[in-house]
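Order of the sequence lines sets the chain letters (A, B, ...), proteins ahead of strands, with each chain counted from 1. Atom set for the values below is all heavy atoms of this structure, side chains included, hydrogens, waters and symmetry mates excluded. Predicted model only: the values in this text are computed from it and were never measured.
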2 protein chains.
Amino acid sequence: MLTYTEENYIKCIYALSDDNKKEVFTNDLAEAVKTKPASVSDMLKRLHSKKLINYKRYKGVTLTRSGKEHALKIIRKHRLWEVFLVDKLKFTWDQVHEVAEQLEHIQSQLLIERLDEFLGYPAYDPHGDPIPSAEGVMKIKKQILLSEMKKNQSGEVSCLKDTSSSFLQYLDTLGIEIGSKIKIEDIADYDRSVTVILNKNRKIVISEKVSTNIFVSI
Amino acid sequence: MLTYTEENYIKCIYALSDDNKKEVFTNDLAEAVKTKPASVSDMLKRLHSKKLINYKRYKGVTLTRSGKEHALKIIRKHRLWEVFLVDKLKFTWDQVHEVAEQLEHIQSQLLIERLDEFLGYPAYDPHGDPIPSAEGVMKIKKQILLSEMKKNQSGEVSCLKDTSSSFLQYLDTLGIEIGSKIKIEDIADYDRSVTVILNKNRKIVISEKVSTNIFVSI
DNA sequence: AAAAAAATTCAGTATAACCTAAATTTTATT
DNA sequence: AATAAAATTTAGGTTATACTGAATTTTTTT
């Protein structure tokens, strides 16, 4: 059984490791869990002794099989709760994160199975991120950045790179949400801004800063 | 902001004090929070310094106004989550408690307001206990023990004194639940067992041990 | 290869929550 | 009122978590 803090570390290591493909370094982890590198070193020793991470001093860490299983369970819970908050309790994108951070630590197998069923076994959370199955498998859609799309190409907004409140709120004002249909009408050479037909009925212009933070499934 | 443990102490003090009408003593509290009296003394000093309890050494404690407000908020959250688990996720009576104990500590005003709305502003939890409003007010029904009812008297099962798993499961086999209609057909002098008409269509016999653990609203 | 910079660890401190054992206070009994 | 019993608190110590600042190790740059 992991403590609240141990779970947060495991989750952050998974997130920073890009699905456990790269080592994660102490300083980056310290920033992610909002603590000091010295505290991280303490914790890494503990996680190592619990066989959750592969750890050689100064060499960065990766998750063991057991560690990755834990990480995926936490992510599963986090994302299911986000679906619940948005679909059932009418939370907006930018309100869910803080609460889901707490709910993801509730310990109950039955609860999460029943919640999954109650929500209709969703495959993606409100940000478009895939929800791992109970066995730790995620469905991944083929997706590219909006900024990488070509003229006349179509797709559907599937996921966001930047999930800050300010970005989410700005997308709201543009009328863009997960699932929005998109077709590229034009790309300006001058500033790489993109003219887009949204849901087949509205024309909007998107700056490069925005287009590099939206993933589209094609 | 209270810690997880402080919240548990406050909740237990409220429960043991009978709506803050009696002092609560260290040994009883130690048993309730499953720790030693010495640890309770430590904690009482902390709660006193945070102005949550009225505390004079050796004299037992009561909650201050602030302490009682905290207690009612926790109880409100606990009972709303119980309604959610039973009504929406199909938990049985005996499965809800452990999970609600965790969920009651989630910190989010918005979450609990929205949950209340989503559940249709319930006044009672699945055990029949009243749910405090956001302002800390509870609706209380006139209720007596089934064992105190007279022959031919009618009522509705409203609340349980014993909430152990074994009791809840036994009630399930009898077909008794919160809201069941009850009419007393006969009371045996010999062992105080009660013959009851359940929901106007079934006749069952209830032992004294069971009848003294069921509250009925009349 | 030496020096500088970056990353990491070590040593010591703080707080929350708990423990045991001993001392103190209150309550009950003679 | 004195004594015994029960309840409670104090004293002193432990463990988990996470902090700061100093020392060490690794990496990068010259």
What residues, two or more places apart in sequence or in another chain, satisfy ring pair (Phe, Tyr, Trp, His ring centres under 6.0 Å) together with B:Tyr4?
-> B:His105

B:Tyr9: what forms a ring pair (Phe, Tyr, Trp, His ring centres under 6.0 Å) with it, not counting sequence neighbours?
-> none

Using 4.0 Å as the upper bound for N to carboxylate O, is an ion pair formed by B:Lys11 and B:Glu101?
-> yes

Charged N-O contact under 4.0 Å between A:Arg76 and A:Glu135 = no

Whole-Å distance separating the [atom1] atom of [X] from the [atom2] atom of [N]:
X       : N      : atom1 : atom2 : value
B:Asn8  : C:dA16 : CG    : C1'   : 14 Å
A:Leu2  : D:dT17 : CG    : C1'   : 15 Å
B:Lys45 : D:dT9  : NZ    : P     : 8 Å
A:Asp42 : D:dG21 : CG    : P     : 16 Å
A:Met43 : C:dT9  : CE    : P     : 14 Å
B:Leu44 : D:dT10 : CG    : P     : 10 Å

Any chance the side chains of A:Glu69 and A:Ser66 put a donor and an acceptor closer than 3.5 Å?
-> no

For A:Gln107 and A:Glu7, test the side chains for any donor-to-acceptor distance below 3.5 angstrom and give the result as yes or no.
-> yes

Per the under-4.0 Å heavy-atom filter, residues of residues 46-54 of chain A near DNA chain D come out as A:Arg46

Which residues satisfy the salt bridge (Lys or Arg N to Asp or Glu O under 4.0 Å) test with A:Glu208, sequence neighbours excluded?
-> none

For B:Arg192, salt bridge (Lys or Arg N to Asp or Glu O under 4.0 Å) partners two or more places apart = none

Protein-nucleotides 26-29 of chain D N/O pairs closer than 3.5 Å?
unit_1	atom_1	unit_2	atom_2	d
D:dT27	OP1	A:Lys59	NZ	3.3

Got a sec, which residues hit side chain to side chain contact (heavy atoms under 4.5 Å, CB included) with B:Tyr121, two or more places apart in sequence or on another chain?
-> B:Asp116, B:Glu117

List in chain and number order the residues that pass side chain to side chain contact (heavy atoms under 4.5 Å, CB included) with B:Pro37, two or more places apart in sequence or in another chain; answer none if no residue qualifies.
-> B:Thr26, B:Asn27, B:Ala30

Sub-4.0 Å heavy-atom contacts from residues 11-18 of chain A onto DNA chain C, ordered by number | none

Listed in order of residue number, which residues of residues 23-40 of chain B have a non-hydrogen atom at under 4.0 Å from DNA chain C?
-> B:Thr35, B:Lys36, B:Ala38, B:Ser39

Ring pair (Phe, Tyr, Trp, His ring centres under 6.0 Å) pairs touching residues 40-80 of chain A, sequence neighbours excluded, are A:His78-A:His97

[X] near the nucleic acid: base, sugar-phosphate alone, or nothing, with a heavy-atom cut-off under 4.0 Å?
X       : value
B:Tyr55 : sugar-phosphate
B:Thr5  : sugar-phosphate
B:Lys56 : nothing

Report the residues that fulfil side-chain hydrogen bond (donor to acceptor under 3.5 Å, both in side chains) with A:Ser166, sequence neighbours left out, ordered by chain and then residue number.
-> A:Ser164

With a distance cut-off below 6.0 Å to the six-membered ring centre and an angular limit of 45° from the axis, does A:Lys88 pair with A:Phe118 as a cation-pi contact?
-> yes

Distance (rounded to the nearest 0.5 Å) between A:Ile53 CD1 and A:Ile10 CD1 = 7.0 Å

